Amino acid sequence: MAKPAKTFRPKARVPKGLRDVAAPQVRAEAEMLAKIRAVYESYGFDPLETSAFEYADALGKFLPDEDRPNEGVFSFQDDDEQWLSLRYDLTAPLARFVAENYDGLPKPFRRYQSGPVWRNEKPGPGRFRQFTQFDADIVGAPVIAADAEMCMMGADVLEALGIPRGDYRIRVNNRKVLDGLLETIGISADAEDRTHMTVLRSIDKFDKLGRRGVELLLGDGRKDESGDFTKGAGLKAEQISVVLDYVESGLALADADRAAVLDGWRKVVGTSAIGIEGIDELAEMDALFSAAGYGTDRIEFNSWIVRGLGYYTGPVFEAELLMEAKDEKGNAVRFGSVGSGGRYDGLIERFKGIKVPATGFSVGVSRLQAALALLPGANDDKQSDVVVVLALDAANMAGYQAMTRELRAGGMRAEIYLGGSGMKAQMKYADRRGAPVAVIEGEDERAAGQVTLKDLILGTEVSREITDNAEWRESQAAQITVPRADMVEAVKVILARHGLLKTDGLHRS
RNA sequence: GCAGCCAUAGCUCAGCUGGUUAGAGCGCUAGAUUGUGGAUCUAGAGGUCCCCUGUUCGAACCAGGGUGGCUGUACCA
């Protein structure tokens, strides 16, 4: 007895950490990108697009002791066995591009670029394996004014996106200051050194874990809420107290006075040459910020900003949102950093063997968008502006198409109902679709040379007062009948009443 | 990666110590309504109870393994 062969049905599902993005969010992101681009353009940056994947060695993510790329990046082998990796940021590809085209580029070279990047990590709320970044970088700029400009531009970007001053902060530190700190407590300046890395990571967590948590991480280690244990840096008590002194010195002054913060740091790392160099750089940035009128309500110096350990060599900065928000369940949400950057003088050296100084700023578009969506009022339903022309008579499709064409020529978005159902379903479709207007031309209207226009927005309002069905139907809520020739103008009047009539070439949203 | 919790209809969930045809609300489809989205009423569709193996006369429920999700933590260029 042969069993009927089972048809294989794949499970329809989006891969973990990836997502489908619906219309409102696609539009919101496009709008956000346009605003960021305008700021970058105004600072003189030019666009550049590089490919989505690169040779893995060019991205610099090969595991040192194995012949395959780092697990954090998505990689595959080409037909010639060479490893390719999806880009995990836009900076590494820029370094490759500059190295490859070095002689033909103006130096300094300013470029901006946006696009998706991919990281093979555990996804979390607001954290995906594909997300969008929008970077601006200056390559071949050794002067500290370049870093200062990046910070100020970061502030300008956030304000251009409508985030009020005071609701965000650009937080700035300098890797040289951190190196100086480690030097003063006798820890190797080598960024590859285990203790060096552990200490910096601990400092980075001050914001999250507080003084006590950082103290534990610097010492023996810390147990988290689930009972899992994180091994610490194993510092001695005196060393820990120096680090905590540094982190906390000037913390109270962080948003009051940048110079005072630097004074505090100078006391802790004043014996280290590299530390002093870092502080002097920050002092120069402070002077530039102040001269340009960027106070601590926009840019502050902050001791726990560390950034990744990979390639930063000088000033580092993060853009953080300070306002409170609640998620769907009413829990307070911390946004974290929505942008970051810093100086990376060694990245291009990997390719060219010569030092090419560079600094840049990167907006985390996906996370910023997720954050803004949680703000009150962000998810108010936006009224659609698509006019739906009902197709009541299959034999008259050409006539409905003509109506639709006229509406489009009149500057409106319009579509014909192209499903197979009757009038009731068509009205329901228009409602679902969020259409403001339904255009109805049945046999009666056509015979009379008329069309019926139904104002669906007004109809919804009217329906709130009507509980009786007969009344609702007889009232023919909010509809008018006009001569066919006047259709376009009449639809415009209804759209204008609801503020949906386009006045320029841009799509309103 | 490590640790904890969780997995039943499209969604949110109920399902007593293992016992026949697994339920609710919302949503969806249709009818009441001859040409009208809302409201109301009625009817209908929709489930490999995450997967595999085991225990048992019998498993949505118990055990082991797997997969997926959430939370914390680590990593984060």
Side-chain angles (χ1 to χ4, degrees), chain A residues 6 9 11-17 59-61 69-73 85 87-95 117-125 127 129 131 133 197-198 201-202 204-205 208-209 213 217 221-232 306-312 328-329 331 336-337 340-342 344 347 360 362 364 388 390 392-393 417 421-445 452-479:
Chain A
K6 267 208 173 154
R9 296 201 188 282
K11 191 165 185 186
R13 50 175 190 163
V14 70
K16 104 179 145 177
L59 291 181
K61 280 292 155 185
N70 187 301
E71 289 174 12
V73 304
S85 296
R87 63 186 181 203
Y88 54 84
D89 71 6
L90 298 173
T91 310
L94 170 67
V117 301
W118 295 267
R119 294 184 189 179
N120 191 4
E121 303 173 325
K122 182 185 135 181
R127 252 183 101 137
R129 291 154 95 202
F131 55 96
Q133 293 193 328
M197 292 199 290
T198 310
R201 282 173 192 148
S202 307
D204 189 40
K205 290 180 176 52
K208 207 170 176 184
L209 303 180
L217 282 175
R222 175 180 176 272
K223 201 173 263 188
D224 72 33
E225 289 163 36
S226 68
D228 193 32
F229 184 74
T230 308
K231 198 171 173 324
V306 175
R307 296 267 71 227
L309 305 173
Y311 51 60
Y312 292 112
E328 315 81 50
K329 291 169 190 161
N331 303 318
S337 116
S340 64
Y344 50 98
L347 246 202
S362 173
V388 172
L390 267 47
L392 297 179
D393 179 359
Y417 173 83
S421 303
M423 179 163 189
K424 189 176 173 114
Q426 298 197 25
M427 285 303 300
K428 211 164 181 169
Y429 169 79
D431 184 48
R432 269 283 186 80
R433 189 81 176 70
V437 178
V439 177
I440 304 165
E441 189 208 54
E443 278 176 45
D444 299 349
E445 285 92 348
T452 294
L453 305 179
K454 183 145 189 155
D455 182 337
L456 295 172
I457 297 172
L458 189 58
T460 302
E461 286 165 24
V462 169
S463 80
R464 272 197 276 274
E465 328 254 303
I466 298 176
T467 49
D468 177 66
N469 179 257
E471 188 189 347
W472 159 244
R473 291 170 70 100
E474 273 166 32
S475 76
Q476 299 217 312
Q479 63 186 50

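Keep in mind that this is a model prediction, so the values were computed, not measured. All chains are named by letter (A, B, ...) in the order of the sequence lines, taking the proteins before the strands, and each is independently numbered beginning at 1. Because only heavy atoms are used, hydrogens play no part in the values below, and waters and symmetry mates are left out as well, while side chains stay in.
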Whole-Å gap separating C1' (B/A77) and CZ (A/Phe131):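 Answer to the nearest Å: 10 Å.
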Rounded distance (Å) that lies between atom P of B/U73 and atom CG of A/Leu217: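 Computing the A/Leu217:CG to B/U73:P distance gives 11 Å.
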Tell me, please, which residues at least two apart from [X] pass side chain to side chain donor-acceptor pair (under 3.5 Å).
{"X": "A/Thr452", "result": "A/Glu445, A/Thr481"}
{"X": "A/Asp89", "result": "A/Tyr311"}
{"X": "A/Asp444", "result": "none"}

Pairing residues for A/Tyr429 by the ring pair (Phe, Tyr, Trp, His ring centres under 6.0 Å) criterion, not counting sequence neighbours: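 Counting only residues at least two positions away or on another chain, A/Tyr429 forms a ring pair (Phe, Tyr, Trp, His ring centres under 6.0 Å) with A/Tyr417.
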Out of [options], whichever nucleotide has its closest atom nearest the side chain of [X]:
{"X": "A/Tyr311", "options": "B/G37, B/G69, B/A77", "answer": "B/A77"}
{"X": "A/Lys205", "options": "B/A77, B/A74, B/U36", "answer": "B/A74"}
{"X": "A/Asp89", "options": "B/G35, B/C75, B/A77", "answer": "B/A77"}

Is it the case that [N] (base atoms only) and [X] (side chain only) share a donor and an acceptor within less than 3.5 Å, ignoring hydrogens and angles?
{"X": "A/Gln426", "N": "B/U36", "result": "no"}
{"X": "A/Glu441", "N": "B/G35", "result": "no"}
{"X": "A/Arg119", "N": "B/A77", "result": "yes"}

Please identify each residue that fulfils salt bridge (charged side-chain N to carboxylate O under 4.0 Å, His left out) with [X], with sequence neighbours left out.
{"X": "A/Glu121", "result": "A/Arg127"}
{"X": "A/Asp431", "result": "none"}
{"X": "A/Glu441", "result": "A/Arg446"}

Classify [X] by what it touches in the nucleic acid, base, sugar-phosphate, or nothing, heavy-atom distance under 4.0 Å.
{"X": "A/Lys208", "answer": "sugar-phosphate"}
{"X": "A/Ile440", "answer": "base"}
{"X": "A/Thr460", "answer": "base"}

Donor-acceptor contact below 3.5 Å, side chain A/Arg119 vs main chain A/Tyr88: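 Between the backbone of A/Tyr88 and the side chain of A/Arg119 there is a qualifying donor-acceptor contact (under 3.5 Å).
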Check: A/Arg129 side chain, A/Pro123 main-chain N or O, donor-acceptor pair, under 3.5 Å: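 No; judged by distance alone, with no hydrogens or angles, the pair does not exist.
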Results of side-chain contact (heavy atoms from CB on, under 4.5 Å) for A/Ser362 - residues two or more places apart only: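 A/Ser362 satisfies side-chain contact (heavy atoms from CB on, under 4.5 Å) with A/Gln133, A/Asp135 once adjacent residues are dropped.
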Set of residues satisfying side-chain contact (heavy atoms from CB on, under 4.5 Å) with respect to A/Arg432, sequence neighbours excluded: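 side-chain contact (heavy atoms from CB on, under 4.5 Å) list for A/Arg432, sorted by chain: empty.
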Gap in Å between the two P atoms, one belonging to B/A24 and one to B/U71, rounded: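 32 Å, rounded to whole Å.
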Nucleotide-level pairing of RNA chain B, given in dot-bracket where Watson-Crick and G-U pairs need both distances under 3.5 Å and | marks other strands: (((((((..((((.....[...)))).(((((.......))))).....(((((..]....))))))))))))....
Protein-nucleotides 1-7 of chain B N/O pairs under 3.5 Å:
{"residue": "B/C2", "atom": "O2'", "partner": "A/Asp228", "partner atom": "OD1", "Å": "2.8"}
{"residue": "B/C2", "atom": "O2", "partner": "A/Asp228", "partner atom": "OD2", "Å": "2.7"}
{"residue": "B/A3", "atom": "O2'", "partner": "A/Ser226", "partner atom": "O", "Å": "2.8"}
{"residue": "B/A3", "atom": "N3", "partner": "A/Ser226", "partner atom": "OG", "Å": "3.3"}

Crowding at CD, A/Glu461 (>12 non-hydrogen neighbours, <6.0 Å):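 Yes, CD of A/Glu461 has more than 12 neighbouring heavy atoms, counting only those of other groups under 6.0 Å.
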Polar atom pairs (N or O), protein with nucleotides 27-32 of chain B, under 3.5 Å:
{"residue": "B/C28", "atom": "OP1", "partner": "A/Arg432", "partner atom": "NH2", "Å": "2.6"}

Phosphate OP1/OP2 of B/U67 contacted by A/Lys16 side-chain N/O (<4.0 Å):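 A/Lys16 to B/U67 OP1/OP2: no side-chain N or O under 4.0 Å.
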Stacking of A/Tyr88 on B/A77 base (centres under 5.5 Å, planes under 30°):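 It does: the ring sits over the base of B/A77.
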